[in-house]
Amino acid sequence: MAKAVTLKELSKKEVLLAPGHRLCAGCGAPIVVKMVLLASDYPVVASNSTGCLEVSSCISDYTAWKIPWIHNAFENAAATLSGVETMYRALKKQGKIDKEIKFIAFGGDGGTYDIGLQSLSGAMERGHNMLYICYDNGAYMNTGIQRSSATPFGADTTTRPAGSVVPGKTEQRKNLTKIMAAHNIPYAAQASPSHWADLVRKVKKALEIPGPKFMNILAPCNRGWRSRTDDAILLSRLAVETCYWPLYEIENGVTKITFKPKEKKPVTDFIKAQGRFKHLFKPENEGIIKIFQDEIDREWEKLKKEEACFAS
Amino acid sequence: MAKIVAITGNEAVANALRQVNPDVCAAYPITPQTDMMQRFSSFVSDGEVKTELILVESEHSSMSACVGASAAGGRVITATSSQGLALMFEILYIASGTRLPIVMPVVNRALSAPLNIHGDHSDSMGVRDAGWIQLWSENAQEAYDNTIQAFRIAEHMDIRLPIMINLDGFIISHSIERIEYLEDEEVESFVGEFRQLNPLLDIAHPVSYGPLILPDYYMEFRRAQAEVSTKVAQVVLDIAEEYEKISGRRYELFESYRLDDAEIALVILSSAAGTSKDVVDAFREKGIKAGLLKPRLYRPFPYTEIGEALKHLKAVCVLDRADAFGCSFGPVYLDIATSLYPYKEKPVLINKIYGLGGRDYLPEHAELVLNELVELAGSGKVKSYKEYIGVRE
């Protein structure tokens, strides 16, 4: 069990994503990356799928990454890192490298839930010693807020806009964390930047476990969510407190909820501050909010039951 | 000391890869390459190489993993065919744009649809402008020799570009031929130690691979890449010269067969060149001045050298084992036409498409074409610039 860290300890460490990157003001992604890299006590080599984080952090002659970093294409952050990690093992075996290095892949929800799913699944099945982190902002934000399979039910996106006939996204989200856990990898978890201690603890724990690990981390996007630029942490907290984004981990098949809200808030608390759900508050769309709420309730109950199965 | 064996092209290339002993190999099975990577995997299982295998879930991931492994800093190989090469398409550009010296034998095979697993050149021709060096082989011996030289070419400090070694599916990959192997130690000392360049795994000196480059800089970047490819031909010649010293076998950018005093000639790639050479000999015996040019370094294409070699001829036919479905000419024809364009006096040039999807290319086909060239050299009258041969009408 990784021990708890204090803010004081973290504040003494070097932030490995330099300021001056060109992500939007108030973006959740760099907050997530900084937290993840702060959590590591080892040198890290990262791969990054094409997306917001990648296009904004390494443009031309400039890079915000103070660690070795590679971007290949949109769908292959996991496959690329498979190659890097394998070369590391090859060179280590030959005695050409002696350092203990950890490998972390970063991908957005488009590059992870959708186009990159095969590459991710392959890397996990092959058992590469890597941590894959999906920073989930719930759409193809970089290309102009198109729906992805991570987009929440009812959300307004540019390819599924809320109109007079279609009330935004008509499908529920893909449950990627569970899909990854179904690969029987030793560790899969969900985290949120609002609960930094939980996030840091999970990353620390994941990095200590040999083999493939997956973490899904919520990363609010004020452009796509149509929210205020200073709301990233507030919204990620509300996502957790409404159980839209439950915090849990599945370690060797054992599910554990790592944060249970004292009082589960209604989903409206999470969505009312976001312009992408504005249309749901029209009287004719009440039913959609109910479907949204019912799905969250059902999933939350399922998760609690799963956890109870393993309770001693 | 050379060792003479009777083996298939796939086995010959797998053995060359064993002798080179790369650090990482990514592999995904596809006919007719499968047998090559199976053999290589056996070398891994039996501890005959130090290589770490990545048995990926697709060719897209195979090339992606090669990019990661190569950037990490070591010798990297994979192999593919047909649809597999097509699936890698996107990442091929990334490998060359990132200047990673990945070595990839391509066992040439037709592309779908209709599905066909047999030999033709559609696959590699489809990616001929992806920035990879392409070497083509006539037989198992050349495939073996090209594979060993490929590492030196790709890893040359003036170049650092990925390279494909092309060999015909089934005709070379699965037919048993007599070939000469070099000794393991000879190959080991010929390819030498891999020299890293800005490896990702150098934690003390972190580098960023794969940046976004905006319009202010993209063209300069591409032009630099184009300039690098102008250096390839000389490196290929220098390495061939060194290779001749250990093997006794001479390689150039292309093979000129009875071309110097020829009046008519065929231009043809890989295995079909062998068949054609026999027919050229038969025409010579009849007193007809026939010749043949077989490209070896196909990308970057040595336009000037090939133009010089062909310009004195009266009539030339380029035979392509791949067609262009935008109602254009075959790919090799277009390159040969380009190489001859600057000359005032140049041969009449025609194009024949042959052997698609493994259709046999027979001596009679070469004979038919050479007879047409004899007529063309006399009359100058072209009946058709582009035609299919060996096809049922």
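Quick note on labels: first sequence line is chain A, next is B, and so on, each numbered from 1. Please read these numbers as outputs of a predicted model, since none were measured by experiment.
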Side-chain touch B/Glu90/A/Asn76, heavy atoms, less than 4.5 angstrom: no
Chain B contact via A/Glu85 - which portion, at a heavy-atom distance below 4.5 Å: neither
Between A/Ser119, A/Ala77, A/Ser82, the one whose heavy-atom pairs under 4.5 Å with chain B are most numerous: A/Ser119
A/Leu81 versus chain B, the contacting section by heavy-atom distance below 4.5 Å: neither
Per-residue contact mode, A/Val45 against chain B (heavy atom under 4.5 angstrom): side chain
Side chain, backbone, both or neither of B/Ile91 within contact of chain A (heavy atoms, under 4.5 Å): side chain
Neighbourhood of chain A inside residues 56-69 of chain B, taking heavy atoms under 4.5 Å as contact: B/Val56, B/Glu57, B/Ser58, B/His60, B/Ser61, B/Ser64, B/Ala65, B/Val67, B/Gly68, B/Ala69
Among A/Lys66, A/Glu54, A/Gln118, residue most engaged with chain B (heavy-atom pairs, under 4.5 Å): A/Gln118
side-chain contact (heavy atoms from CB on, under 4.5 Å) partner of A/Lys99, chosen from B/Asp202, B/Ile203, B/Leu201: B/Ile203
Contact leader toward chain B among A/Thr86, A/Thr63, A/Thr50, A/Ile67, where contacts are heavy-atom pairs under 4.5 Å: A/Thr86
Rounded distance (nearest 0.5 Å) linking atom CZ of B/Phe194 with atom CG of A/Leu91: 9.5 Å
Which of A/Ser56, A/Ser121, A/Ser60, A/Ser57 touches chain B most, by non-hydrogen pairs under 4.5 Å: A/Ser60
Nearest heavy-atom neighbours spanning B/Ile94 and A/Ala73: CD1-CB, 3.7 Å
Residue-level interface, residues 146-157 of chain B with chain A, non-hydrogen cut-off under 4.5 Å: none
A/Asn48 versus chain B, the contacting section by heavy-atom distance below 4.5 Å: neither
Residue part contacting chain B, namely of A/Lys96, when any heavy atom lies under 4.5 Å: side chain
B/Glu193, CD atom: more than 12 neighbouring heavy atoms under 6.0 Å: no
Straight-line distance of A/Trp69 CH2 to B/Ser208 OG, nearest 0.5 Å: 6.0 Å
Toward chain A: residues of residues 13-50 of chain B with heavy atoms under 4.5 Å: B/Asp23, B/Val24, B/Lys50
A/Tyr42 portion near chain B, given a 4.5 angstrom heavy-atom threshold: neither
Portion of A/Gln94 that has a non-hydrogen atom of chain B nearer than 4.5 angstrom: side chain
CD on B/Glu52 to CE on A/Met87, rounded to 0.5 Å: 10.0 Å
Which portion of B/Leu200 sits near chain A, non-hydrogen atoms under 4.5 angstrom: both
Leading residue by heavy atom contact count with chain B [cutoff under 4.5 Å; candidates A/Val44, A/Ile97, A/Ile59]: A/Ile59
Contacts of residues 211-224 of chain B with chain A (heavy atom under 4.5 Å): B/Pro211, B/Leu212, B/Ile213, B/Leu214, B/Tyr217
